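Working notes, structure below.
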Amino acid sequence: MLETGLIIGLLVIGLILGYLVRRHRHLEALKAVQAQARTLIEEATAKTKQRVADLKAQSRRETLAYQQSVKDELTEQKSDIAVREQRRHQREQLLNQMAVRLDDQTQMLDQRSQANHQKRQDIHALHDQADALREKRLTTLATQAGMSPEEAQQEILHRGELALKRDRDIEIKALNDDAEANAERWAKDVVLAATESGPQDLPKEHLEHTVTVPNGEIRSKIIGRDGQHIRLLETLTGTDLIFVPDDNTTLFISTHDPIRREVARTALTNLVASRRISANQIETQVENALRDVNHSLWEVGEQAVSRLHVGWMHPDLMKLVGRLKYRTSYGQNVLQHSIEVSQLAGAMAARLGYNSRLARRAGLLHDLGKSIDHEVEGTHVEIGVEFAEKYGEDPIVINAIAAHHGDVEKSSPIAVLVAAADGISGARQGARSESVEDYINRLRSLEKIANDRPGVTESYAIQAGRELRIMVNPQTLDDQAAATLTQEVAQQVEKQLTYPGKIRITTIRKLTAVEYVGDEKKKKKKKKKKAANAS
């Protein structure tokens with residue numbers, strides 16, 4: 001029991017000692033934490049005081065700087081106000097001076113007005129005196145001449161009219177004589193000046209009718225199995241595709257439509273470049289080529305219209321102008337020819353004092369019908385006039401289109417200039433591929449067909465072979481026979497000759513009876529007697 005009590009007592013003493021040790025340690029740790037907290041509080045307080053001092057110093061500096069800037073701004077504003085005040089004072093002085101001058105000028109004008117009023121009164125008085133003297137003179141003249149003043153006035157007017165008419169006739173005759181004497185020289189000067197300052201001699205553009213295939217593999221792909229690909233191309237483009245027999249790498253594009261030819265050429269070129277040739281690819285490339293060519297037509301037309309400064313033009317007309325790029329006439333590119341005609345006509349119109357812009361517009365559109373003459377019935381002149389009227393072109397432009405080949409009468413000087421420019425552009429050296437011999441042979445062939453017919457006395461191929469005029473003997477052929485002759489000649493020309501556009505055939509049958517009476521008959525009898533006496 002004693003041992004147990006001792007053990008318990010020791011345990012209690014140990015627990016008390018342990019508690020006291022732990023409490024001492026806790027108090028020591030608490031003191032250390034409190035000392036650390038006081039240190040932190042002191043450091044924070046010192047930092048806060050330093051931050052407050054820095055902020056106060058910075059605020060003081062900013063306040064001083066702001067006060068200085070305000071003072072500077074106020075000083076500048078005061079200076080500006082002083083300058084403005086000085087300017088206002090100067091303007092007031094200037095206005096005062098102007099007011100003084102205006103007063104002086106007003107006073108001077110009043111004086112002049114009074115002087116003018118006095119002069120007008122004096123002039124009116126002189127007019128009254130002159131009228132009185134005129135009346136007195138007319139009365140005196142009438143008394144001496146035995147005529148009334150009205151009769152005398154009419155007589156004077158009549159004599160003045162005769163004198164003026166005589167002078168006018170003399171002046172008109174002198175002007176006409178001078179114009180007739182110098183007309184040819186003036187015309188040559190105008191043409192030469194327009195040619196020198198007009199179009200540039202550009203190289204001829206040849207439209208490509210072939211596509212080069214690089215090798216046999218691409219050639220086989222273009223043809224396709226059993227010719228499927230090439231037949232699809234021909235169907236989609238509306239052309240005939242033929243490989244040149246002597247050269248398997250050259251594919252010839254045959255069609256009468258230049259736009260279809262360009263679409264086929266573009267599509268084939270893209271197919272050869274891509275080297276991927278299938279039915280789907282062919283359809284895609286043909287669609288792309290058709291879209292690109294149609295867009296290029298409008299772009300080319302817009303460029304021509306903008307280059308020539310002819311004013312606003314309907315987009316459909318510009319597209320027709322662009323189609324002329326793919327049209328040729330005797331080897332001459334029709335778009336380049338139209339631009340040349342526009343520039344020449346404009347230059348001549350400017351030199352002669354006419355509307356040069358209207359002349360350039362008429363020159364550009366004069367061959368408009370050639371852009372679709374293979375699609376629409378009629379000559380290129382008729383087609384061009386139809387489209388010009390459809391899109392509201394100026395009547396002068398329409399007449400120039402209709403008359404540039406002499407189909408109708410020229411109603412304005414601009415139509416004459418366009419026809420002259422058309423002849424200059426087509427006749428200049430190297431412009432067209434057709435030789436003079438071929439041109440003459442074509443005209444002679446037309447005339448020969450007519451001359452071989454019985455009853456024909458003469459025939460003339462005019463307007464570059466666009467019209468054939470036949471003169472027949474009225475005593476050999478009657479009206480019905482002349483009409484039949486015209487039909488037969490037209491049929492023979494259509495069968496035997498190749499011709500552009502349409503040829504007009506006109507048969508003329510005219511009977512003229514002439515008889516002489518009076519002096520002419522006596523002169524004939526005298527001539528017959530002299531001839532008999534001489535024999």
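Keep in mind it's a predicted model, so treat the numbers as computed, not measured.
Considering only heavy atoms from C-beta on, M313 comes within 4.5 Å of V310 through its side chain. Residues R453 and E488 meet the side-chain proximity criterion, which asks for heavy atoms closer than 4.5 Å. Looking at heavy atoms from C-beta onward, L271 lies out of side-chain contact with I222 at the 4.5 angstrom threshold. Residues R219 and F243 form a side-chain contact, since some pair of their non-hydrogen atoms from C-beta on lies under 4.5 Å apart. I372 has its side chain within reach of R323: a pair of non-hydrogen atoms, C-beta onward, lies under 4.5 Å apart. In this structure, the side chains of R84 and R87 stay at 4.5 Å or more apart for every pair of heavy atoms. Side chains of V272 and T269 form no contact here, defined as non-hydrogen atoms less than 4.5 Å apart. Proximity of L251 to L268: side-chain heavy atoms (C-beta onward) are separated by under 4.5 Å at one or more points.
To the nearest 0.5 Å, atom CD1 of residue I503 and atom OG1 of residue T379 are 12.0 Å apart. Going from atom OG1 of T476 over to atom CG of L485 covers 11.5 Å, rounded to the nearest 0.5 Å. Expressed to the nearest 0.5 Å, how far CD1 of I259 lies from CZ of R327 amounts to 11.0 Å. Here the straight-line distance linking atom CG of L335 with atom CD of Q303 works out to 9.5 Å at 0.5 Å rounding. The distance from atom OG1 of T506 to atom CD of E467, rounded to the nearest 0.5 Å, is 4.5 Å. Going from atom CZ of R260 over to atom CG of D240 covers 10.5 Å, rounded to the nearest 0.5 Å.
A ring pair (Phe, Tyr, Trp, His ring centres under 6.0 Å) check over residues 383-422, counting only residues at least two apart or in different chains, returns the pairs H314-Y391, H366-H404, H380-H404, H380-H405. Note on residues 270-301: no pairs pass ring pair (Phe, Tyr, Trp, His ring centres under 6.0 Å), not counting sequence neighbours. Each salt bridge (charged side-chain N to carboxylate O under 4.0 Å, His left out) pair with one or both residues in residues 477-487, not counting sequence neighbours, appears once here: D479-R509.
Between the side chains of T457 and N473, no donor-acceptor pair of N or O atoms lies under 3.5 Å.
In this structure, the salt bridge (Lys or Arg N to Asp or Glu O under 4.0 Å) partners of K221, at least two apart in sequence or on a different chain, are E217. Every residue two or more places apart in sequence or in another chain was checked for a salt bridge (Lys or Arg N to Asp or Glu O under 4.0 Å) with D394, and none qualifies. Residues meeting the side chain to side chain contact (heavy atoms under 4.5 Å, CB included) test with A359, sequence neighbours left out: A345, A349, I414.
Side chain of T484 to main chain of Q480: a donor-acceptor pair is present (N/O by atom type, distance under 3.5 Å, no hydrogens or angles). Using a distance-only test at 3.5 Å, with no hydrogens or angles considered, a donor-acceptor pair links the side chain of E234 to the main chain of L241. In this structure a side-chain-to-backbone donor-acceptor pair under 3.5 Å is missing from N355 to G346. The backbone N or O of T284 lies less than 3.5 Å from a partner atom in the side chain of N288, making a donor-acceptor pair. No donor-acceptor pair under 3.5 Å is formed between the side chain of N399 and the backbone N or O of P395. Not one N or O on the side chain of N333 forms a donor-acceptor pair closer than 3.5 Å with the backbone of Y326. Judged by distance alone, the side chain of T237 and the main-chain N or O of L233 form a donor-acceptor pair under 3.5 Å.
Considering every non-hydrogen atom in both A490 and I505, the closest pair reads CA-CD1, 3.4 Å. Among all heavy-atom pairs drawn from I398 and E389, the shortest one is CD1-CG, 3.5 Å. Among all heavy-atom pairs drawn from A289 and V263, the shortest one is CB-O, 3.6 Å. Closest non-hydrogen pair, T255 versus G238, comes out as OG1-O, 3.8 Å. Residues A304 and I339 come closest through the heavy atom pair CB-CD1, 4.4 Å. Contact between A450 and L468 at its shortest, heavy atoms only, is CB-CD2, 4.1 Å.
Using a 4.0 Å cut-off between a side-chain N of Lys or Arg and a carboxylate O of Asp or Glu, E171 and R168 do not qualify as a salt bridge. A salt bridge links K370 with D367; the closest basic N to acidic carboxylate O contact falls under 4.0 Å. Between E393 and R361 a salt bridge is recorded (basic side-chain N to carboxylate O distance below 4.0 Å).
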Working for side-chain contact (heavy atoms from CB on, under 4.5 Å), residues I383 and L368
CA-CA 8 Å; I383 298 169; L368 182 68; over 6 Å; no
Applying side-chain contact (heavy atoms from CB on, under 4.5 Å), run through I253 and V211 and close with a yes or a no.
CA-CA 8 Å; I253 306 171; V211 175; 4.0 Å; yes
Apply side-chain contact (heavy atoms from CB on, under 4.5 Å) to the pair L417 and L352, showing each step before the final yes or no.
CA-CA 10 Å; L417 295 178; L352 294 173; 3.9 Å; yes
Might you work through the side-chain contact (heavy atoms from CB on, under 4.5 Å) test for Q343 and R307, ending with a clear yes or no?
CA-CA 10 Å; Q343 292 171 334; R307 172 185 172 186; 3.6 Å; yes
